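From a predicted model like this one, the values you see are computed outputs, not experimental measurements. Naming: A, B, ... by sequence-line order, numbering from 1 per chain.
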There are 2 protein chains.
Amino acid sequence: MVKDKPPEHPSKIPCQKARYRTETEWGALTRDEINLFDRDVVCKTYCSGETIFVEGDACKGLYFVEHGLVAVRKTEINGQSTIVRLAYQGDTLGYRPLLAKENHRATAEVINDTHICFINAKTMRHFLRSNPKLGMRFLEHTALALGQAEERMFQIAALSVRTRIIHLVVLLRDHYGTITSDGTLFVDLPMSQRDMADMIGARPESVSRALRDIQDDGLIHLSGHTVRVDRVDRLVEELHHH
Amino acid sequence: MVKDKPPEHPSKIPCQKARYRTETEWGALTRDEINLFDRDVVCKTYCSGETIFVEGDACKGLYFVEHGLVAVRKTEINGQSTIVRLAYQGDTLGYRPLLAKENHRATAEVINDTHICFINAKTMRHFLRSNPKLGMRFLEHTALALGQAEERMFQIAALSVRTRIIHLVVLLRDHYGTITSDGTLFVDLPMSQRDMADMIGARPESVSRALRDIQDDGLIHLSGHTVRVDRVDRLVEELHHH
DNA sequence: TACGTATCATGACTTATGTCATCGACCGAA
DNA sequence: TTCGGTCGATGACATAAGTCATGATACGTA
């Protein structure tokens, strides 16, 4: 849900955490281009529940996730919606419509408070023309995303809700998991069960029940939004059977 | 199923139908690069049922679909498998693993007899380094494919088998549909019901039943693998409701 | 604090889809 | 031709997951 808030005034101050950019596609930028980037970038912090852009919006440029978590969501006419992708720190949103010169085909919805750097389409196209490396980096990234999308498509199509939940927990482990000294894994689920349901193509009730079932089988232990996994191998093993 | 056949000797003769390449990413190649392409390209015709590469294979280069239809399929340990993408005339297979320098993560399986042009990884990387335009074209294409993958993910997650079948028929219309002078649409389904099931994440029996149901409702008329649609608008309209 | 709202859990019930089995049609190979 | 195989249609049945309804709890806000 989008909360109605007075529009915040975007900051023109270049993000301080630009170091993240060097670890991503943006690492390909030259010094001059970085200056241009910093000149044109518009940064803004979004709170949980806000939308960055909405399905159907004109694509005005690229959104770089400096920090936070964003869900890319598609909504049907009848109101059903699915989260087709998550964007983490370092990810970039909106290059498909930018390249295709189309409108946005999905809504970007902030799950956790997120800091976004926006770079307008004109400048971005300039970068892509002048710096082939940048395009190559984006190509690699997009190819990777395509692989992940195909992976998820397969999961949604063929696996039970229970198994899809386990996949999701394992997926979220990369960004939201910590391992204690005794080997216990804790995953801090960053989203509601409703969002989890939208990610795996199921209903919230089914997610609730599946989580309980998995807990009853002793594979995980839930407290609030934190999942404790004592035996990660057992959890992963189940993915190989079902 | 893969039929065991004696390995065919690939032809080194450059494809005659190179014109298709100019309408695709390959149109970005310069004259010199085209010569290099033609020097290194290896062409081969695959029959229905053959595989071009298998999940886990090392990625030796790119496969360009000169003509025909190829299914990109992922298989689980338990034997279940899903078609995650179709590759038509003009599509290119294998650039994700090429860029990521990974092994193939899916199997490319020929549905209709297909003519493939293979270009080795080394030459391909040379092209990508020397010709930025080519990379940009691939970026656009990949971004488009990502959008389509997300679209399908959404469909599989949220829609009934019946609706997914209709989506599939509408999808196949682009390549396998013809419209007669009186406005009737004929779509010649290029694949078996089993493959259709693998595309939409369902069982062949469910596909069979769904097709019959849709026919019983008068939306389509089946004869063999040909779908006749008298009122396309009605078919498309159903997509907007369910 | 108290209120309203969203979230989560859970039971009862429905339904879509998967599963298993059978049968006929078709098709290529011997 | 006849055989063996795949494909498609269909029935009977099982079951996973959706739907609807109800409370309990937690959470943010007035």
Side-chain angles (χ1 to χ4, degrees), chain A residues 1-5 47-50 76 78-82 109 111-113 155-166 168 189-217 220-227 238 242, chain B residues 1-6 47-49 76 78-82 109 111-113 155-166 189-217 220-227 242:
Chain A
M1 294 297 111
V2 186
K3 292 168 189 166
D4 286 328
K5 295 195 174 187
C47 295
S48 174
E50 283 187 282
E76 266 286 272
N78 57 21
Q80 278 184 105
S81 76
T82 309
E109 179 186 307
I111 293 187
N112 290 340
D113 292 4
Q155 289 172 19
I156 292 176
L159 308 177
S160 67
V161 167
R162 177 192 169 108
T163 310
R164 281 180 268 166
I165 287 283
I166 297 179
L168 181 59
L189 303 176
M191 63 187 77
S192 66
Q193 289 188 3
R194 154 169 288 280
D195 285 337
M196 291 171 68
D198 287 344
M199 281 211 64
I200 65 167
R203 300 277 118 193
E205 296 95 321
S206 302
V207 171
S208 176
R209 282 187 249 262
L211 281 170
R212 179 169 50 74
D213 288 348
I214 301 167
Q215 181 168 224
D216 288 350
D217 290 350
I220 65 172
H221 187 272
L222 275 168
S223 61
H225 273 191
T226 301
V227 179
E238 181 162 325
H242 299 274
Chain B
M1 293 297 111
V2 186
K3 291 167 190 166
D4 286 329
K5 296 195 175 185
C47 295
S48 174
E76 266 286 273
N78 58 20
Q80 280 183 101
S81 76
T82 309
E109 179 186 308
I111 294 187
N112 289 341
D113 292 4
Q155 288 173 19
I156 292 177
L159 308 177
S160 67
V161 168
R162 178 192 169 109
T163 311
R164 282 179 268 165
I165 286 284
I166 296 179
L189 303 176
M191 63 187 79
S192 66
Q193 289 189 3
R194 154 168 287 280
D195 284 337
M196 292 171 67
D198 287 343
M199 281 211 63
I200 64 167
R203 300 276 117 196
E205 296 96 321
S206 301
V207 170
S208 177
R209 282 187 248 262
L211 282 170
R212 181 170 47 76
D213 287 349
I214 301 168
Q215 181 168 224
D216 288 349
D217 290 351
I220 64 173
H221 187 271
L222 275 168
S223 62
H225 274 191
T226 300
V227 179
H242 298 276

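One can place CD of A:Q80 at 11 Å from C1' of D:dG18, the figure rounded to the nearest angstrom. D:dA9 atom C1' lies 14 Å from atom CD1 of B:I165, rounded to whole Å. Put simply, CG on A:D198 is 11 Å from P on D:dG18, counting in whole angstrom units. Between the CG atom of A:L222 and the P atom of D:dA26 there is a distance of 15 Å, rounded to whole Å. Distance, B:M191 CE to D:dG8 P: 11 Å, rounded to whole Å. Summarising the geometry, the separation between CD1 on A:I111 and P on C:dT7 is reported as 12 Å, rounded to the nearest angstrom.
OP1 or OP2 of C:dC8 lies within a sub-4.0 Å distance of a side-chain N or O belonging to A:H225. The side chain of B:Q193 places an N or O atom within less than 4.0 Å of a non-bridging phosphate oxygen (OP1 or OP2) of D:dA9. In this model, the phosphate group of D:dG18 is approached by a side-chain N or O of A:S206 to a distance below 4.0 Å at OP1 or OP2. In this structure, A:R162 does not reach the D:dA16 phosphate: none of its side-chain N or O atoms is under 4.0 Å from OP1 or OP2. Regarding contacts with the backbone of D:dT19, a side-chain N or O of A:R203 is found under 4.0 angstrom from either OP1 or OP2.
Taking both residues in full, the closest heavy atoms of A:A197 and A:P204 are given as CB-N, 3.6 Å, listed atom of the first, atom of the second, then distance. The minimum heavy-atom distance between B:M191 and B:I111, with the atom names listed, is CB-CG2, 4.1 Å. Between B:L159 and B:R164, the shortest heavy-atom distance links the atoms O-NE, 3.0 Å.
Less than 4.0 Å separates DNA chain C from at least one heavy atom of each of the following residues of residues 208-216 of chain A: A:S208, A:R209, A:R212.
Taking the side chain of A:S192 as heavy atoms from C-beta on, and the options C:dT17, C:dC8, C:dG18, the nearest nucleotide is C:dC8. Checking C:dA21, D:dG8, D:dA21 against every side-chain atom of A:E205, the shortest atom distance belongs to D:dA21. Considering only side-chain atoms of B:A202, the nucleotide from C:dG18, D:dG8, D:dT19 that sits closest is C:dG18.
The main-chain N or O of B:S48 is found under 3.5 Å from a side-chain atom of B:D113 such that the two form a donor-acceptor pair.
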Apply side-chain hydrogen bond (donor to acceptor under 3.5 Å, both in side chains) to residues A:S223 and A:T226 and explain how you reach the verdict.
CA-CA 5 Å; A:S223 61; A:T226 301; 5.1 Å; no

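Using a 4.0 Å heavy-atom criterion, one finds that B:G201 contacts the sugar-phosphate atoms exclusively.
Considering A:D217, A:V207, A:L211 in turn, A:D217 is the only one that fulfils the side chain to side chain contact (heavy atoms under 4.5 Å, CB included) rule with A:R162.
Between A:D216 and A:R212, at least one side-chain N (NZ, or NE/NH1/NH2) sits under 4.0 Å from a carboxylate O, which counts as a salt bridge.
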